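Structure, as structure tokens:
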Amino acid sequence: MSNTDTHDPTSLRTPIVAVLGHVDHGKTSLLDKIRGSAVIEGEAGAITQHIGATAVPLDIISSIAGDLVDPDDFDLPGLLFIDTPGHHSFTTLRSRGGALADIAILVVDVNDGFQPQTLEALDILKRSQTPFIVAANKIDTVPGWDPNEDAPINDTYESQSDRVRQRLDESLYEIIGNLSDEGFSADLYWRVQNFQRNVGVVPVSAMTGEGVPDLLTVMMGLSQRYMKEEMEIDVSGPGVGTVLEVKEEKGFGKTVDIVLYDGTIKEDDTIVVGGQNDPIVTEVRALLQPRPLAEIRTESRFENVDEVGAAAGIKVAAPELGDAMAGAPVRVVRDRDLDEVIEEVQAELASIAVDTAEE
Ligand code: GDP
């Protein structure tokens, strides 16, 4: 498929990606590596640090992925990684009762294999029906490994000794076997034809960056092929999002950090936010993004933006946010009926309460 066909890239929203896995298997390191590679490839400003998330645009992904990605094959704008890895953020962050993340990366240490939180993550992914891939991480710790900084997996695999390759293969097949025990048909990602039916396993190192080009390519492919319909939303419609955190911010009072997963939010928009008691109806005073590090001197850590579109992480300053709750829905009213929007927020809050009670 090429972008000469029916789709205007600006009408597709960015898929939201979450990272899950057992403690110490490398979730944070992998996110850092992706962010780091994107900064280097894109020079300053190309990736945007959002509130609570990192946006990696398609052109940066294609320059990291090199020959693996032809940007003409994709028409999604890129990927938005939620910065807080782990199961708690995944289960508390919801969109309309489903998972907030569209796709996930399950990180498994190749040497340590499946651990209790790996199984817990699989269970969460299964229940939420979130498409995912497995990052078989820390391949650089296979005894005798000869690292090739940031190389695609095929190149670095070919340059290893037979003994090293065999050791890695054994670990990878064990992971594939474990996935199969849990009811997931899985294989090494380059053997997977249908990512809807099979889970792709991507060998990576968050330390050396080996396999990261492959990981990004597979994530783009997965979103592109199987989720495009869901990404085709009215990106200019009234925004819908989820509260990540409620924070006191000097000069702004109580603010909410949100992930916007649908539509747009603008300064002066009336919004409805889920609260501890009744839904809060308020008006957006300011939309704030982190200021690039280089520009922070005596100025505020944030810069104002007039408007953002999905998917994005943004800080919203507005009056009356004292009662807002993490995990609660946020909806922009704009030309809609206020009572209707309040009802939707109430209904979503009720469904969150039921889900939490079940857990
Ligand atoms: P998290 O708990 O899943 O977020 O794991 P971290 O990202 O904090 O990683 C746990 C430890 O493993 C840290 O000491 C990392 O430096 C190390 N680590 C993570 N990924 C790799 C990798 O690919 N190779 C090696 N050698 N160490 C890694």
Side-chain angles (χ1 to χ4, degrees), residues 16-40 49 52-54 56 64-65 79-93 101 103-125 130 132-157 159-161 163-165 167-172 174-176 178-179 188-189 200-219 244-245 313:
I16 301 171
V17 185
V19 179
L20 303 179
H22 193 73
V23 63
D24 282 347
H25 279 195
K27 299 179 291 294
T28 312
S29 309
L30 191 60
L31 277 164
D32 286 348
K33 188 72 199 178
I34 291 168
R35 272 196 292 259
S37 324
V39 169
I40 294 161
Q49 190 57 50
T54 304
V56 186
I64 294 172
L79 298 168
L80 185 78
F81 291 86
I82 308 252
D83 283 343
T84 325
H87 308 177
H88 184 69
S89 62
F90 188 90
T91 48
T92 51
L93 299 179
I103 42 181
I105 301 175
L106 175 63
V107 180
V108 183
D109 180 329
V110 275
N111 299 305
D112 208 18
F114 267 45
Q115 294 297 332
Q117 290 166 327
T118 317
L119 293 167
E120 190 186 301
L122 273 176
D123 191 47
I124 293 168
L125 293 169
T130 307
F132 67 98
I133 58 164
V134 170
N137 190 33
K138 307 198 190 185
I139 55 171
D140 64 293
T141 63
V142 170
W145 188 265
D146 176 21
N148 294 284
E149 215 55 30
D150 301 328
I153 199 65
N154 186 49
D155 298 359
T156 190
Y157 186 84
S159 78
Q160 308 300 322
S161 69
R163 181 77 196 107
V164 169
R165 280 204 290 251
R167 280 182 171 142
L168 176 62
D169 288 348
E170 281 163 15
S171 304
L172 293 173
E174 194 170 322
I175 291 174
I176 290 168
N178 289 334
L179 283 163
L188 295 168
Y189 90 85
V201 175
V202 186
V204 296
S205 164
M207 192 76 99
T208 65
E210 290 162 289
V212 170
D214 309 68
L215 188 76
L216 292 172
T217 308
V218 177
M219 295 303 281
L244 284 174
E245 248 185 288

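Note that ligands are numbered from 1 as they come in the structure, with each ligand's atoms numbered from 1 the same way. A quick note: this is a predicted structure, and the numbers were derived from the prediction, not measured.
- A donor-acceptor pair shorter than 3.5 Å cannot be found between the side chains of Glu149 and Thr208.
- Not one N or O of Val23 is nearer than 3.5 Å to an N or O of ligand 1, by distance alone.
- Within ligand 1, the atoms closer than 4.0 Å to a non-hydrogen atom of Thr141 are 25 (C), 26 (N), numbered from 1 in the order shown.
- With ligand atoms numbered from 1 in the order given, ligand 1 contributes 20 (N), 21 (C), 23 (O) to contacts under 4.0 Å with heavy atoms of Asn137.
- The cationic atom of Arg35 (NZ for Lys, CZ for Arg) does not lie both less than 6.0 Å from the six-membered ring centre of Phe81 and within 45° of the ring axis.
- Residue-level proximity to ligand 1 for Asp24 is carried by backbone and side chain together, each with a heavy atom below 4.0 angstrom.
- Of the possible donor and acceptor atoms, none in the side chain of His22 sits under 3.5 Å from a partner among the backbone N and O of Gln115.
- Counting only N and O atoms by type, the side chains of Asn111 and Thr141 include a donor and acceptor under 3.5 Å apart.
- If you look at Lys138 next to ligand 1, the close heavy atoms, those under 4.0 Å, come from the backbone and the side chain alike.
- Nearest protein neighbour of atom 4 (O) of ligand 1, counting heavy atoms only, is Thr28 OG1, 2.6 Å.
- Without hydrogens or angle criteria, Asp109 side chain to His25 main chain gives no donor-acceptor distance under 3.5 Å.
- Summarising the geometry, atom CH2 belonging to Trp145 is positioned 8.0 Å from atom CG belonging to Asn148; distances are rounded to the nearest 0.5 Å.
- Distances from atom 1 (P) of ligand 1 to the heavy atoms of Glu210, Met207, His22, Lys27 show the closest one on Lys27.
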Chi angles and distances behind the salt bridge (Lys or Arg N to Asp or Glu O under 4.0 Å) call for Lys138, Asp24: CA-CA 11 Å; Lys138 307 198 190 185; Asp24 282 347; over 6 Å; no
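- The heavy atom nearest to atom 7 (O) of ligand 1, considering only Ala135, Ser29, Gly86, Gly209, is found in Ser29.
- For ligand 1, the polar-atom distance check against Ala206 finds a nitrogen or oxygen pair separated by under 3.5 Å.
- Given atom 24 (N) of ligand 1, the protein heavy atom at minimum distance is Asp140 OD1, 2.7 Å.
- Closest non-hydrogen pair, Ala65 versus Thr217, comes out as CB-OG1, 3.4 Å.
- Contact annotation for atom 13 (C) of ligand 1: protein absent (non-hydrogen atoms, distance under 4.0 Å).
- For atom 5 (O) of ligand 1, the nearest non-hydrogen atom of the protein is Gly26 N, 3.1 Å.
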